[in-house]
Amino acid sequence: MKITLSVIKADIGGYVGHSESHPACLAKAADCLAPAKEKGLLIDYHVTKCGDDLQLIMTHQQGEGDEKIHKLAWDTFVECTEVARKLKLYGVGQDLLADAFSGNVKGMGPGVAEMEISERPSEPVIIFMADKTSAGAWNLPLYKMFADLFNIIGLVIAQNMHGGFAFEVHNVKEHQKIVFNAPEEIYDLLVFIGAPSRYMVKAVYHRETGEIAAVSSTQKLALIAGRYVGKDDPVCIVRAQGQFPAVGEVLEPFTQPVLVEGWMRGSHHGPLMPVAIEDSTPARFDGPPRVIAVGFQLAEGKLIGPRDMLADKSFDKARRLANDLADIMRYHGPFEPHRLPLEEMEYTTMPQVQEKLTGRFEPITD
Ligand code: F6R
Ligand code: MG
Ligand code: MG
């Protein structure tokens, strides 16, 4: 049975500031999706949130990039924006960059990750969602999940994945893509995905079968709008078990909270802290960046779940480490490497400051 799993998300207004989603917006989203399930357009849906991002998880049989599904998501965001407006939430309609829907939400602000699959006899999927960071944040965990032998022992000892995985990488600034085969091309792969502000892992495939294993959202809001409109706050779908990494191999990368771009004003490096859904409430210096993982079993497209995968106690140490790292990064205040390099900062006063200082910079002659 062919099923499409679509995760479409947008920040339609924060509560309080950019720290959380209001329950009334989540309730409204569920009200908007329910009739689509009754009419059979959706097989199932689940509404959740990660920080100030409203997340629509939908299953259907319309395929990827379908106009009806995308319009449903867009209309849902518009209705939820009205709820946010009445409550005077913060940054109302922040990620809705277009005035009217035109065929597909890609390029209109919301983030999208979709995969069409033939549902296996048992189909565990994990949906990662992050707040206060950008799509490149998935590069390192996806590499560990599908290519790092110190993370995924299955590559070494499981016959059905010994052939490795292929990584589709997008250059989001020049709109180009390339596929690298792991393990033969991992040195080449890492040259690119180690620079996550430009090169992002879009998808991962099981090489022997060509089956999709993971897909991420790679929308860069700033590139769409041409100005800062908030961080991309990406999502990523990963299939688990069998010829794919075990659930524990999928989650293991998040035991090491590494530094990602985002945090305050989208202009800082900070640790990606794995948290339970209810703890995705970035409050300290608008952060630190958060990641949640929502697990489901699919049953003929029905979403059996959710399970809040990173709520597990075994991630407590990673949370402590992330808080320690957050302290160390905060020591730097407005200095790099806490602050992003000039060209990556989402906010800057540099053009105005340079303008003001015109004539005061002199050549160094000695
Ligand atoms: C980062 C983020 C926040 C805001 C900050 C300022 O992605 O959303 O850190 O950038 O709170 O927000 P404004 O400019 O809306 O007051
Ligand atoms: Mg926001
Ligand atoms: Mg957000």
Side-chain angles (χ1 to χ4, degrees), residues 7-26 29 47-57 73 77 80-81 83-85 87-97 105 108-113 127-138 196-197 216-225 227-236 259-275 277-292 294 326 329-330 333-334 338-340 344-349 352:
V7 182
I8 307 186
K9 47 104 358 199
D11 178 345
I12 50 89
Y15 162 67
V16 171
H18 294 280
S19 67
E20 169 67 307
S21 302
H22 195 281
C25 296
L26 272 70
V47 174
T48 189
K49 62 96 195 183
C50 181
D52 59 4
D53 295 293
L54 175 58
Q55 308 277 353
L56 311 180
I57 300 168
F77 292 138
C80 295
T81 298
V83 174
R85 200 184 309 282
L87 297 173
K88 292 189 72 175
L89 299 185
Y90 193 72
V92 169
Q94 178 183 294
D95 289 354
L96 305 187
L97 304 179
V105 293
M108 297 176 70
V112 185
I127 302 167
F128 291 97
M129 304 158 200
D131 191 29
K132 304 293 179 273
T133 187
S134 66
W138 304 130
S197 56
S216 75
S217 62
T218 48
Q219 286 76 21
K220 286 260 302 168
L221 280 174
L223 296 180
I224 297 169
R227 64 189 156 82
Y228 181 67
V229 279
K231 267 287 169 200
D232 312 309
D233 301 339
V235 293
C236 180
L259 299 174
V260 294
E261 291 183 0
W263 207 346
M264 174 58 80
R265 297 178 189 276
S267 302
H268 293 80
H269 283 122
L272 186 60
M273 181 188 275
V275 291
I277 300 165
E278 66 169 9
D279 293 329
S280 63
T281 50
R284 179 190 180 182
F285 198 58
D286 286 3
R290 306 294 156 106
V291 56
I292 60 170
V294 183
M329 295 309 283
R330 290 293 303 123
H338 184 25
R339 200 181 84 175
L340 295 185
E344 292 301 334
M345 278 196 307
E346 303 282 7
Y347 276 63
T348 183
T349 47
Q352 297 90 310

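This is a predicted model, so every value here is computed, not measured. Counting starts at 1 for both ligands and their atoms, in listed order.
- The Mg ion (ligand 2) sits nearest to atom OD2 when only the N, O or S atoms of Asp52 are considered.
- Looking only at N/O/S atoms, His18 comes nearest to the Mg ion (ligand 2) through ND1.
- Between Lys9 and the options Asp52, Asp131, Asp232, Asp53, a salt bridge (Lys or Arg N to Asp or Glu O under 4.0 Å) holds for only Asp53.
- The distance between the ring centers of His22 and Tyr90 does not fall below 6.0 angstrom.
- Annotation: His338 is in aromatic contact with His268 [ring centroid separation under 6.0 Å].
- A distance-only check finds a donor-acceptor pair linking the side chain of Arg290 to the backbone of Pro288 [under 3.5 Å].
- Using a 4.0 Å cut-off to heavy atoms of Met264, the atoms of ligand 1 that qualify are 9 (O).
- Contact check for Leu54 versus Leu26: side-chain heavy atoms found under the 4.5 Å cut-off.
- Taking backbone and side chain together, Asp53 holds no N, O or S atom under 2.8 Å from the Mg ion (ligand 2).
- At the Mg ion (ligand 3), the vertex angle linking OD2 of Asp233 with OD1 of Asp131 is 90° (nearest 10 degrees).
- Every atom of ligand 1 with a heavy atom of Gly266 under 4.0 Å away is listed here by number and element: 1 (C).
- By the 3.5 Å distance cut-off applied to N or O atoms, His18 is counted among the residues near ligand 1.
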